[in-house]
Structure formats: structure tokens, C-alpha cells
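Labels below follow one simple rule: chain letters A, B, ... track the order of the sequence lines, proteins then strands, and each chain is numbered from 1.
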Amino acid sequence: MAGWWKKNPFYVEYMVHEATALFVTAYAFTLLFGLFRLAQGEVAWNGWLEALKSPLSIVAHLVFLVAIFYHAFTWFKLFPLTMPPIMVGGKRLAPNVVVAGGCTAGVVAALALLGLVWRIAA
Amino acid sequence: MSETQKIIEIEILRYKPESDEAPHSELYKVPFTDDMSVLQGAQYIKDNFDGSLTFRWSCRMAICGSCGMMINGIPKLSCETFIRDYYPNRISIEAMANFPIEKDLVVDLSGFIEKLESIQPYIIPKEPRTLEQGEYLQSPEEFNKYIKFTSCINCTLCYAACPQVGLNPDFIGPAAMALLHRYNMDSRDGGSAQRMELVASEEGVYNCSAVGYCSEVCPKHVDPGNAVNINKMNAAKDYFLRFLSPKGGSK
């Protein structure tokens, strides 16, 4: 079974989906580290904020964004596989409608969160 | 045979258990017409080049589920896969992945049959009814809940598609789980608690990592991957809610 996932584009997509979860973890740890620095006091917190502005950090965050976007999209794509059928008016909702619904909900939630943080910051 | 006769190269993974230590490839040049399936290509080879080539087939119209093969690495029914779609490239045929090869393209399905038996694939009545009480009634809504999962033809393409079956041959697998789900979803059936022990076991649904290729290759659109994943939820509910209302066999 070694190298099984290289044999079929479908498996490759699955592995890329699974692998991009590592970027979700990496971003979570970045935020968690910020919280840790905040607990250490103002100097530590400002140092963390300064570190976020470095070119390396900006590139890393762009990579996180792309990877997490891909992970989220392929996660929603699995909805028709993983969820019980959603019945509307006695009929099963079509798989692409379920996927589109999930993606829309994800985008709306992300924008709402962004708006909230924006207001707090302003 | 006219001069414009098209010839396709078909490479077949051969294995004779009585003389071969390991499977090996053999190449055949097969004249074909546009209406010929890959199965007919194999039949042409058997009739004209090598009578010992062994493969299963019966109905030739995607009903019996006998002629599954790996065609260029993808699990397919060879009767509904056409040579013209591959020409002028070579077609490579192998026995279905994740099964022991018996001979050439014939695999040993005894493990799969045991799995099918283990899920209690029959209606276990919710309540016993006497003849006087009449038949079990079912509404179209109740019927719609399981009808999709009755379409399985046991071709086992989903097992050949599932990397988790390859990694753990004991995994009960997609088709058997789809059949289990079919009976659990039947309003006349009351056996889901009995089947739960298997669903939640080491061989059960949690082997699945939601690759989803099983549902992709299913020639009957049974969506076995959905049956497996719905039962992950059912097993989790059974495990966590058993203190409130003991039902199934989760341990």
C-alpha cells in the first residue's frame, strides 16, 4: 500500500485536503502564541505584534490563507458524503446545493467575524 | 477484417497460481469496433490468443456486477467501459485492487461474502405480527429512506476504490455498510440495535476517513460512503446517549 495516494488524482486531492489541515493548526498555534505573549505583559505583546509585520510573517499568513481557503472549500465539498440527506418538501436536496449552502454559510460567518473585529478595533 | 481495422493494445495482469510466483503483464493487440466494451476485448483475447485467460462476467449490461476490473488503475465494470474511449492509448487491465487474486482477473470474494453475512442482511421485524394482523404497511416516504441503498449489485468496485480497505482488510467496507444501512432505515426493521455492535467495532465505520472514492466509482449510485458516514454519527449517538436510553451495542 506504500504510496497508494499517488496512484489516482482523487486520492491526491484527498491527501492535499488532509495536509492543508496542518496549516489550520499552524495558524491556530500562531494565535495561541499571541495569547501566551499577551499574558507575559505589554513588552512581550508588542514584540509579537511587531513580529507579525515582518515579511516572513506576511508571506506565511498568505500561505495560511490560501491553504485554509482550500481546506474549507474541500471540507464543504464532503458535505453530501458525510451528512444525512436533507429533505426539503419530501425531496432530497441536490449535492451541489448542499455544497453551495455550506460555502455560503462559511463566507457569511467569516465576513460577520471580520466586521465584528473591525468594529472592536475601530 | 478490413484494412482500416483499428487495433488497440491491451495489457493484462496475468497470474496462474499453479505455476507463477507473482503476477506478470502480458500484451495483446486486439482488433476492435466502436461498439466493443473492454469485456468484449478480454473475450476476444480468450477466444483468439489465449484460452486460459480467466475473468468473471455474466450479463454484459451492468446488472450482475461480475466483471469489475481495474481499467487503467480505476475500478470499473468492464462491460460498460468502451475500448473506443481509450484508443489510441493502451488499456491496462488488472484484477480488482484490495482483494487476493485467485487467477488472472478473478479475485477471492470470500471475505466480502462473510462481511455481507455479518451485517444481518434481512428484516428483523420490529414487532411480531400474526397472519390475522395482515401485512406490514409502508408509506412512500418510508420507502424513499432506504430505496437508494437497495440498488447495490455487489460488484465490489467500492472495495477496490477504498484505500482503508487496502490498509485494513478487516474493515467491513462500503457495500456491506450500505446494505446494513438499507435494513436499518427500513420502517419494518427493528434490528439496528443488534447491528450497532458491528457498526461501532474495530472493523466498523471508524475505519473510514471520508476519502469518498467508493461513492464516486459506484456504477449504481448507491452512495455507500454516505451510508458509512451517517453510521459514524449513529454510532457516536449510541455511545454517548446510551446512559439516557440504552439501545445499541456500543462499548
- Query: Is any side-chain heavy atom of B/D223 closer than 4.5 Å to a side-chain heavy atom of A/P80?
  - Reply: no
- Query: Is the OH atom of B/Y136 crowded by more than 12 outside heavy atoms at less than 6.0 Å?
  - Reply: yes
- Note, A/M87 side chain near B/E141 side chain (heavy atom, < 4.5 Å): no
- Is A/W48 atom CH2 crowded by more than 12 heavy atoms from other residues, nucleotides or ligands, each under 6.0 Å away? yes
- Flag yes if more than 12 heavy atoms outside B/Y28 fall under 6.0 Å of its OH atom; otherwise flag no. yes
- Check the surroundings of atom OH in A/Y70: do more than 12 heavy atoms from other residues, nucleotides or ligands lie under 6.0 Å from it? yes
- Search all heavy atoms of A/Y11 against all heavy atoms of B/A160 and return the closest pair with its distance. OH-O, 4.2 Å
- Can you tell which of B/C208, B/A227, B/A161 has the highest number of heavy-atom pairs within less than 4.5 Å of chain A? B/A161
- Please flag which part of A/L81 lies under 4.5 Å from any non-hydrogen atom of chain B: side chain, backbone, both or neither. both
- Task: Locate the shortest heavy-atom distance separating A/F10 from B/V211; write the atom from each residue and the value.
- Result: CE2-O, 3.2 Å
- A/L31, CG atom: more than 12 neighbouring heavy atoms under 6.0 Å: yes
- Task: Taking all heavy atoms of B/L167 and all of A/W4, pick out the closest pair and write down the distance.
- Result: CD1-NE1, 4.4 Å
- Task: Give a yes or no answer on whether the side chain of B/N226 reaches the backbone of A/M83 with a donor-acceptor pair at less than 3.5 Å.
- Result: yes
- NZ (B/K145) with more than 12 external heavy atoms under 6.0 Å: no
- Query: Hey, are the side chains of A/M1 and B/N98 touching, using non-hydrogen atoms and a 4.5 Å cut-off?
  - Reply: yes
